[in-house]
2 protein chains.
Amino acid sequence: MPGVKKQPVRAAKPVPIKRRDRERTRQEILDIAFEEFAENGLSGGNTDAIAARANITKRLIFYYFNSKEELFTAVLEMAYAEMRAAEEDLHLEALEPEAAIRRLAEFTFDFHQDHPQFVRLVSIENIHRGRHMAISRRLKEMTQPSISQIAKVLERGAACGAIRPGIDPVELHMTLNALSFFAVANRHTFEAQFAFDMSSPKARAQRRAEIADLLWRCVRGD
Amino acid sequence: MPGVKKQPVRAAKPVPIKRRDRERTRQEILDIAFEEFAENGLSGGNTDAIAARANITKRLIFYYFNSKEELFTAVLEMAYAEMRAAEEDLHLEALEPEAAIRRLAEFTFDFHQDHPQFVRLVSIENIHRGRHMAISRRLKEMTQPSISQIAKVLERGAACGAIRPGIDPVELHMTLNALSFFAVANRHTFEAQFAFDMSSPKARAQRRAEIADLLWRCVRGD
DNA sequence: ACATCAATTATCCGATTGGATAATTATCAA
DNA sequence: TTGATAATTATCCAATCGGATAATTGATGT
């Protein structure tokens, strides 16, 4: 039957409603690529699989993003942008020092717990020595608000004696991130070594409180 | 020229002194595989490359270890065994509580700093959700001494009032490991975001002191 | 209508790579 | 010396996968 398009014999192919919408397609690729890379890493991430799940041709991926590496970079940018956006909603300025520190700790902890795929992606990028982030300018600009928020709390606290002076906001941010990140990223090897639950809601709540206490304990004035 | 073995034109191939020593060969494969996997991950790690660098045939790798996965597991076991061995040399029992806590902190921090490839390997294993560690019994047995050492210090400290009571040794170990691990593992993404040096000897010394202070600050009695 | 250009598809390809088959060689006990 | 066994090599293969070529099709402005 010449002229008849070969129709794959499948269950009612519901004609993907691809409306040739540039942004829509791009975003869909990004979303699926995020999952794929977070799950399988950079070399483990498969462009064929991304294409299949996005219901497009692989060629389209290379059409929008030039290479697998650039796609990965774009995914990173998107992921970080989402985190920074979430941080915007924190309003530490309205709180007294101790409450602000605790709220910051709890937010950061929660974010990591709620976004394990983000944590995985960052781990993966570190395995690649941050070479994709190093290139992207966007990623470096996103960071400012986060730190200055902390700096303000520290200043206010130091002024009224509630927080000891001389604490570097970046360092505090690092400490908090380390604790929050580890609780998700290293869960598996840690649990394998120690009979220590890190995944249940109960364990999570406990560690959350623990970290908030710890952070406050180490910044409060004597 | 039939019958003539193709001789790669290389600098004086020094006839590898392979003495058919089972253990020697096995260990050499492990050492090189460690580097390969730590550098490139599991799917990124190349058995051909391992064979080449070990100056053996790839087949030999599958002869000793049955698959890439099992090789990776063996590498993990070796790496952890080395860390636990290093921990043996810590003699916290001889020190008073504060000194013991500080020494523990500094040792742990130093170990991670000095073994970035180990840190990478652990990150990679976590990306794979610890599925290799979960299987290996050896890896679970190695963990005991480490924790009981900490537990003893905490007990002693609590008894004399220097350390507040009720601290879980595993949790303390987690806190310390999180801080030490992050300082190496997440160096790249962190440095890319914040203009914050984490690699120079000076920065290292500073963070080391910082973590020891922090740990003490959060366990000492009020 | 129609030309244009952007979005999308169909198809192919060469390099890579985990693993398999089978031959070969060193070692060592009897 | 020799036979058996363990260590090692030489080769091959099928599957995977990033990326390239070129054709096709839908939207849009005129």
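- Atom NZ of residue A/K68 and atom CZ of residue A/F37 lie 6.0 Å apart, to the nearest 0.5 angstrom.
- When the side-chain nitrogen and oxygen atoms of A/R20 are compared with OP1 and OP2 of C/dT8, none of them lie within a distance under 4.0 Å.
- Of the residues in residues 45-53 of chain B, those placing a heavy atom less than 4.0 Å from an atom of DNA chain C are B/G45, B/N46, B/T47, B/D48, in numerical order.
- Heavy-atom nearest nucleotides on DNA chain C were determined for A/Y64 and for B/F62, and the one closer to the 5' end corresponds to A/Y64.
- Between the side chains of A/S43 and B/S43, a donor-acceptor pair is found at a separation under 3.5 Å.
- Close to C/dA7, at under 4.0 Å from its OP1 or OP2, lies no side-chain N or O of A/T25.
- In this structure, the side chains of B/L71 and B/N66 stay at 4.5 Å or more apart for every pair of heavy atoms.
- Nearest to the side chain of B/R22, among C/dG19, C/dT9, D/dA6, sits D/dA6.
- The interatomic distance linking A/Y63 (OH) with C/dT11 (C1') rounds to 19 Å, in whole Å.
- A/R26 pairs by the salt bridge (Lys or Arg N to Asp or Glu O under 4.0 Å) definition with nothing, not counting sequence neighbours.
- Contact of A/R59 with C/dT11 (side chain to base): no donor-acceptor pair of N or O atoms is detected under 3.5 Å.
- A donor and an acceptor atom, one from each side chain of A/E125 and B/T189, are nowhere located under 3.5 Å apart.
- Between the side chain of B/K58 and the base of C/dG19 there is at least one donor-acceptor pair of N/O atoms closer than 3.5 Å.
- In summary, B/R84 and B/E87 engage in a salt bridge, as defined by a charged side-chain N under 4.0 Å from a carboxylate O.
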